[in-house]
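All of these numbers come straight from a predicted model, not from anything done at the bench.
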Amino acid sequence: MDATDQPINQRFVQRLVDDLRTPKASIFFGDLIASAGLGWLLFANALGPWNGFFRGMSFVVAALLLYRALAFIHELFHQQSMAKFRFVWHVLAGVPLLIPFLLYLPIHQNHHSSKAYGTKEDGEYEHFQGRARLAIAKLFALNLALPLALWVRFALLTPLAVLHSPIRTQMIPEFVHLALRLPFRAADIKESSRAEAFAIEWMCAVFSWGLVCLCVLGYGEVVLLWAALVILIATLNTIRTLGATHLYVEGAEGRNAREQMLDSTNLDSRSPLALLLCPVGLRFHALHHIAPYLPYHALPEAHHRLMQALPQGSEYHQLTVPSFSQGLQRLWRATSERS
């Protein structure tokens, strides 16, 4: 067997990057506070008495910064010991955008599973093969409905679930969550996480009714701009999903970590487009699936080590692309033929 055909050994990867696995709280907090703080400041500027160009630029940059802040939701799953960081993230991003961790936690639980990955049981995986145009159009269309869906989820379903338990057990798991595959029934949140999730859910309910109060008090422009912000952030994430995550060819059986890696993409680029669309380590999605324990700030160094240690033309090199457009092309080639 040629050296370039040798499959990547997980133990080899772990030995190579094991010293990078400890999350650095100062980096996490500094990045989050700077991104969210400046993002909300620019969002406020977009509502100010400035000319249209300045307001528009403030809004776009605010969306990019808050998109970065929200992207930490992925790190929350893989670094669940960082409880203080999770609380601060909810205050600065999760609650004011109505996208708390509880919408993501039950979806991501199966995404790294060797039994569920890439199957109908994986809510983060949709079947694009032979239907990519339709699937992509559906994703962008659903983004337009997201602000209203989030408001209904927390303003109405949260309090109604107290009065009528089937809403909690039947409707909520099938309604709003961060699944790519729709319709999809989310798994139950584990018992150890339910108390925290319930508290955050009610914070989101209060915020949702705060939006209503703003409308009643004559500040409807704030609510409309908030809705536009949520749509733009969701759209940025959809674009990232297409060019820098997976190949989205569904299988009947799950895949192990190496197979998940081969089905994923690394974007080895520091272009402004790559950095803006794939914040918080999301450029290295294939690496993440072979070493999901690594914190986001360790991924560039881990990727560099692997690229240097493995022979040119290895399977790891082959799934690494130098530009976002080539990531899109990789997805398109994988899904162009009908299954």
Side-chain angles (χ1 to χ4, degrees), residues 60 63-64 66-68 70-75 77 99 103-104 107-108 110-112 117-120 122-146 149 177-184 228-251 255 259-289 296 299 303 318-339:
V60 170
L64 288 168
L66 291 168
Y67 168 55
R68 179 179 183 84
L70 189 65
F72 276 100
I73 196 170
H74 182 248
E75 290 294 300
F77 184 90
I99 304 179
L103 297 185
Y104 185 65
I107 304 301
H108 203 60
N110 271 348
H111 186 54
H112 287 267
Y117 175 92
T119 70
K120 294 183 184 298
D122 184 354
E124 286 192 57
Y125 205 96
E126 177 64 287
H127 186 56
F128 280 19
Q129 190 175 25
R131 55 185 291 271
R133 287 188 177 88
L134 178 61
I136 291 169
K138 175 184 174 182
L139 293 178
F140 282 110
L142 287 171
N143 290 339
L144 299 176
L146 185 59
H177 41 61
L178 300 186
L180 186 69
R181 182 189 301 276
L182 291 174
F184 184 78
L229 177 70
V230 171
I231 291 171
L232 181 52
I233 289 174
T235 300
L236 290 169
N237 189 60
T238 297
I239 296 171
R240 176 193 67 83
T241 297
L242 301 177
T245 50
H246 304 298
L247 299 183
Y248 297 111
V249 178
E250 185 182 276
R255 293 167 231 187
E259 292 166 336
Q260 293 175 28
M261 180 196 71
L262 295 176
D263 184 58
S264 307
T265 297
N266 283 330
L267 180 55
D268 193 357
S269 169
R270 293 191 64 82
S271 70
L273 179 64
L275 295 176
L276 290 173
L277 284 178
C278 306
V280 192
L282 294 174
R283 289 184 295 131
F284 305 107
H285 210 80
L287 170 58
H288 170 69
H289 272 269
Y296 82 100
L299 293 176
H303 175 71
Q318 293 173 34
L319 54 79
T320 298
V321 298
S323 69
F324 189 80
S325 63
Q326 291 193 33
L328 289 172
Q329 291 171 24
R330 188 168 184 257
L331 170 72
W332 199 253
R333 287 194 298 270
T335 59
S336 60
E337 296 182 2
R338 289 192 174 274
S339 56

**Request:** Decide if the gap between the ring center of H289 and the ring center of Y117 is smaller than 6.0 angstrom.
**Result:** yes

**Request:** Please list all pairs passing the side-chain hydrogen bond (donor to acceptor under 3.5 Å, both in side chains) test where one or both residues lie in residues 132-142, with sequence neighbours left out.
**Result:** none

**Prompt:** Are the side chains of H74 and Y104 in touch, meaning some heavy atoms are under 4.5 Å apart?
**Reply:** yes

**Message:** Looking at every heavy atom in both Y125 and L247, which two are closest together, and how far apart are they?
**Reply:** OH-C, 4.0 Å

**Item:** Residues forming a side-chain contact (heavy atoms from CB on, under 4.5 Å) with E259, sequence neighbours excluded
**Value:** R255, N256

**Prompt:** Mind checking whether H246 and H111 have ring centres under 6.0 Å apart?
**Reply:** yes

**Asked** Quick one: CG on N266 to CG on L282, what's the gap to the nearest 0.5 Å?
**Response** 11.5 Å

**Message:** Quick check: closest heavy atoms across S269 and A274, and the distance to 0.1 Å?
**Reply:** O-CB, 3.7 Å

**Fill in**
When rounded to the nearest 0.5 Å, the distance separating CD1 of I231 from OG1 of T238 is 11.5 Å

**Request:** Kindly give the heavy-atom pair with the smallest separation between T335 and A132, and that separation in Å.
**Result:** OG1-CB, 3.8 Å

**Asked** Is Y248 close to Q129 at the side-chain level, that is, under 4.5 Å between some pair of heavy atoms?
**Response** no

**Request:** Take L232 and Y67 through the test side chain to side chain contact (heavy atoms under 4.5 Å, CB included) and record every step on the way to the result.
**Result:** CA-CA 9 Å; L232 181 52; Y67 168 55; over 6 Å; no

**Prompt:** Below 4.5 Å, heavy atoms only, C-beta onward: do L178 and I73 meet side chain to side chain?
**Reply:** yes

**Asked** Hey, what do you get for CG (L242) to OG1 (T245), rounding to the nearest 0.5 Å?
**Response** 7.0 Å

**Prompt:** Hey, does F184 have a side-chain heavy atom less than 4.5 Å from the side chain of E124?
**Reply:** no

**Asked** What are the two closest non-hydrogen atoms of I99 and L103, and how far apart are they?
**Response** CA-CD1, 4.1 Å

**Message:** I'd like to check F140 versus I239 (side-chain heavy atoms, cut-off strictly below 4.5 Å). Are they in contact?
**Reply:** yes

**Item:** S323 versus L267, closest heavy-atom pair with distance
**Value:** C-CD1, 3.2 Å

**Message:** Just to verify, what does L262 make a side-chain contact (heavy atoms from CB on, under 4.5 Å) with, not counting sequence neighbours?
**Reply:** R258, E315, L319

**Request:** Identify the heavy atoms of R283 and C278 that sit nearest to each other, and give their distance.
**Result:** CG-CB, 3.4 Å

**Asked** Ring centres of H108 and H177 under 6.0 Å apart?
**Response** no

**Prompt:** Could you give the distance from OG1 (T265) to CG (L331), rounded to the nearest 0.5 Å?
**Reply:** 8.0 Å

**Non-hydrogen side-chain atoms of T320 and H303 separated by less than 4.5 Å** = yes

**Item:** Straight-line distance of L139 CG to R181 CZ, nearest 0.5 Å
**Value:** 11.5 Å

